[in-house]
Amino acid sequence: MAYFDNNSTTRPLPEVLESFLGASRKSWGNPSSPHRLGSRVRALINRAREEIGQSLEVEPHQVTFTSGSTESNNAILSWIANNQSRRTTNVLISTIEHPSILETAQFYFSDSIRYIPVDSDGLLDIHAFQKLLDQKLPSLVSLIAVHNETGVMQPWHQVAQICRDRGVWFHCDATQWVGKLDTDGLNACSSFSFSAHKFGGTKGVGAFVSNQPVSLIKGGGQEGETRGGTENFPGIEAMRIALKYSCNAASAQVEQETWKKSFEDSLLKEFNSLKVIGHPVPRMWNTSLLCLPEFDNLSWVSKLDKLGYTVSTGSACSTAREKPSGLSAAIGLSKSESRRLVRVSSFTETTEEDWLGLANAFKDAFHELKLEQENSGVVVL
Ligand code: PMP
């Protein structure tokens, strides 16, 4: 079975599992307890905070551990909402944000949101952004670093700089960036978020980094009074290890990029009207979002699954709701095109053989689907 759904979640690395189990077995004390068992866990959490801070080039106290990016994104937006006067608050977000930004913004800011458009490749329109900024300074700008469905890398370095110059809070949802791409410059954002399970860590743990104290959950004063609740030490420790290994994975990116390109070239040759979304703009080394010429994406996913290849229809979060994500509308795809989107996303463990096999599996799946269609006698529009 070859796994190509890494943007939804990655398999925990063996070293990560070992550290998670080790932490659960040996360091299960409550880090807030005054005895040695607890103090040792507290010291280990501090070590994790220091190492993670170091690798992201931020101060340890700027790192707040959370249950993942959904919580982190909610934390930042709700904090802005609660700390600005309702009359003056307005936010600028892109039309292709993850629901954990989009829906949170709609909840807290409703009609004071202004949307920054993207082009048909799913790349932020930087001129439109600058125009919107000039019209009225917002309380917050939020931009996804790399899009989870298209893999298109957004100009967040540029946006961070512009916001910095104008004194505007810039939050970056770096969930698909951290652990997969060079994090240089992320410390120029006012805040950013990430989740460990996107880069070989375990689920239910992540963090946000903020250059100002952001109070999130009231309770026992953990996380420097930022987020109450007993810390998930095994998850935090596993994230420390995952980030350490992911930083060693830079060389794998070049290989994956080459293999992905051959995969796309081979499919473009096979299927005349195939579209690779975001083809001409910079994309992450691991992601291909394909708009296939025929058949709905669930048929493709289930056929490829049977052939031994796990792919996805797009974002796992929107699949749960059985409705297309906001991306399709934002990049101008028709309803029929959005039903034909299949996402393929690799990770460092993916081999060249997996990529070659996947290209062949797409071709086999097409022939099987065609045959089934002919045999059923149903005309598919
Ligand atoms: N932002 C982006 C860009 C994501 O891809 C995801 C996960 N699909 C999230 C936020 C939410 O992460 P989590 O489910 O780990 O909270």
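Numbers for residues simply follow the sequence, beginning at 1. Because only heavy atoms are used, hydrogens play no part in the values below, and waters and symmetry mates are left out as well, while side chains stay in. Whatever order the structure lists them in is the order used to number ligands and atoms, beginning at 1.
Considering every non-hydrogen atom in both S328 and S338, the closest pair reads OG-CB, 3.0 Å. Smallest separation of non-hydrogen atoms from I76 and F208: CD1-CD1, 3.9 Å. Residues L267 and A359 come closest through the heavy atom pair CD2-O, 3.8 Å.
Only side-chain heavy atoms of I144 come within less than 4.0 Å of ligand 1; its backbone N, CA, C and O stay farther off. The side chain of H197, and not its backbone, has at least one atom closer than 4.0 Å to an atom of ligand 1 (non-hydrogen atoms only; side chain from C-beta on). With a 4.0 Å cut-off on non-hydrogen atoms, S69 touches ligand 1 through its backbone as well as its side chain. Within the 4.0 Å heavy-atom criterion, neither part of K203 lies near ligand 1.
Counting the atoms of ligand 1 from 1 in the order shown, those under 4.0 Å from a heavy atom of S195 are 12 (O), 13 (P), 15 (O), 16 (O). Near N148, meaning under 4.0 Å from any of its heavy atoms, are these atoms of ligand 1: 3 (C), 5 (O).
For residues 15-32, there are no side chain to side chain donor-acceptor pair (under 3.5 Å) pairs, not counting sequence neighbours.
Checking R343, K261, E264 one by one against S288, the side-chain hydrogen bond (donor to acceptor under 3.5 Å, both in side chains) holds for a single residue, E264.
Considering both main-chain and side-chain atoms, N73 never comes within under 3.5 Å of ligand 1 through any nitrogen or oxygen pair.
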Decide yes or no on side chain to side chain contact (heavy atoms under 4.5 Å, CB included) for L327 and H147, but give the supporting numbers first. CA-CA 9 Å; L327 174 84; H147 195 266; 3.7 Å; yes
Under the criterion ring-ring contact (aromatic ring centres under 6.0 Å, His included), I'd like the reasoning laid out for W355 against F4: C-alpha separation, chi angles, the key distance, then a yes or no. CA-CA 9 Å; W355 278 108; F4 277 96; 4.9 Å; yes
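Ranked by closest heavy atom to atom 4 (C) of ligand 1, the top entry among H98, E149, E71 is H98.
Using a 4.0 Å cutoff on heavy atoms, S100 counts as a contact of ligand 1.
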